Amino acid sequence: MSQSSPSLVPFRAVDAIRNKRDAKEHTRQEIEQLVSSYTRGQIPDYQVAAWLMAVVLKGMTRAETAALTEAMLHSGEVLDLSSLPGIKVDKHSTGGVGDKTSLVLAPVAAAGGLLVPMISGRGLGHTGGTLDKLEAIPGFNVNLVLPEFLRVLRKCGCAMIGQTAEIAPADKKLYALRDVTATVESPYLICASIMSKKLAEGIDALVLDVKTGSGAFMKKQEDAAFLAELMVETGQRMGKKMVALLTDMDQPLGRKVGNALEVEECIEVLRGQGPDDLRQLCLDLCGWMFKLGAASASVEEGRQRAAEIIASGRGLEKLREMVRLQGGDARVVDDPALLPQSRHKSDVLSPRDGFVTAIQCEQVGVASMMLGGGREKKEDSIDPAVGLVLHKKFGERVTRGEPLCTIHYNAEARVAAARQMIEASYQIADQASAAVHPLVHGFICGTENEGS
Ligand code: URA
């Protein structure tokens with residue numbers, strides 16, 4: 001890759017699209033110009049959409065990926081949090097269905113003494129997004145300006161916002177465009193998107209939750225491992241402590257899918273209840289956050305610390321505080337019935353006796369989107385109340401006529417297609433499958449964490 005040297009040829013987006021279409025390697029300068037011109041509104045969406053599709057199809061070299069990540073990082077401010085006492089640690093997931101751990105982790109890690117300056121995204125493709133979930137809480141403001149974000153962080157130890165005009169603005173625009181142009185599934189674009197906003201946060205350490213399975217963007221474990229390595233390497237190059245856990249997304253995480261429903265399930269976990277898989281994954285990820293943030297000597301000790309914080313109610317109290325400081329109705333933490341509720345519910349019944357042997361997880365995510373839980377076009381608004389409650393997951397016995405899932409919906413016109421999708425996504429057989437689905441398939445970490 002040639003370095004950025006002043007070019008005599010003016011930048012034209014069409015040349016960048018053609019270069020990538022023809023599998024040529026971009027120069028660093030070409031990438032910087034593309035990102036800065038798009039962020040400033042000087043290139044239309046349709047040209048950038050074409051370029052994104054060319055990247056999905058032709059890939060990028062490591063040097064191009066590094067240049068893209070850095071150009072997106074420097075599209076806005078890079079926070080300097082050195083004046084705030086405490087170690088700054090964050091977690092980010094590559095995206096899944098029912099994947100809601102951030103709403104548990106940020107308050108628990110903050111209650112355990114870490115600072116968590118979390119910049120998240122909206123729903124992407126068939127997956128849900130933390131910002132859309134937070135906005136299900138009446139009044140919650142995910143668009144805090146920088147001084148306000150820092151005020152909340154200083155006061156309660158965690159703050160959760162989206163990319164803004166000030167922080168990671170390139171990702172804000174590219175993310176929204178990728179969501180509706182089928183250009184999410186590229187490890188290079190995912191790496192640049194995640195790492196640019198995480199590096200802009202001014203963190204010391206980052207725990208990545210890289211999903212693999214039928215509901216993940218990286219369906220195969222080797223692709224997930226490739227993405228994890230790319231991100232860990234990028235973070236380490238920038239001096240951050242890094243770990244990536246490869247975790248299961250062959251079925252939704254927890255039992256609830258949909259924005260308000262997922263907030264409710266996180267509150268259940270913070271109350272010491274909730275589904276076991278969600279609780280266990282939160283403890284694993286938080287164990288790593290405490291370890292990387294030097295708040296525990298080992299991951300296991302960090303896990304125990306997280307469990308104690310939940311049991312004592314301090315995690316729930318921290319969520320209450322953050323919601324209040326970000327303008328939300330904190331009463332939802334004690335009374336989740338105050339969250340938006342759908343007008344109608346309808347069960348999807350099992351067509352036969354047997355055991356659940358597979359759930360097409362991506363289809364479950366698409367069904368939730370179709371109900372109004374996600375976007376088909378950039379300007380679409382989200383219905384926070386809709387979604388799904390899964391009564392049956394892998395290995396569980398069902399009898400004919402028993403509910404597999406309850407659909408929460410508002411628009412009658414959308415429910416039939418979502419129902420069909422859910423019916424098709426469940427596989428039920430006479431015998432339980434012998435396949436095992438570990439929650440955590442493995443982890444990839446920097447040398448300083450080996451043996452954790
Ligand atoms: N999460 C992000 O922030 N970006 C992606 O591209 C995928 C998941």
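A quick note: this is a predicted structure, and the numbers were derived from the prediction, not measured. Every number for a ligand or one of its atoms is a count from 1 in the order of the listing.
For His391, there are no ring-ring contact (aromatic ring centres under 6.0 Å, His included) partners at least two apart in sequence or on another chain. Looking at residues two or more places apart in sequence or on another chain, you find a side-chain contact (heavy atoms from CB on, under 4.5 Å) between Leu278 and Lys100, Thr101, Leu253, Glu265, Val269, Pro275, Cys282.
Using a cut-off of 4.0 Å between Lys/Arg side-chain N and Asp/Glu carboxylate O, Lys378 and Asp45 are scored as salt-bridged.
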side-chain contact (heavy atoms from CB on, under 4.5 Å) assessment of Met231 paired with Val210: CA-CA 10 Å; Met231 292 194 287; Val210 180; 3.8 Å; yes

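Within 4.0 Å of ligand 1, protein heavy atoms belong to His92, Ser93, Thr94, Leu124, Tyr175, Arg178, Ile190, Ser193, Ile194, Lys197, listed by chain and number.
For residues 151-162, the set of pairs meeting the salt bridge (Lys or Arg N to Asp or Glu O under 4.0 Å) definition, not counting sequence neighbours, comprises Glu148-Arg151.
Geometrically, Lys173 engages Tyr38 in a cation-pi contact defined by less than 6.0 Å to the ring centre and at most 45° from the axis.
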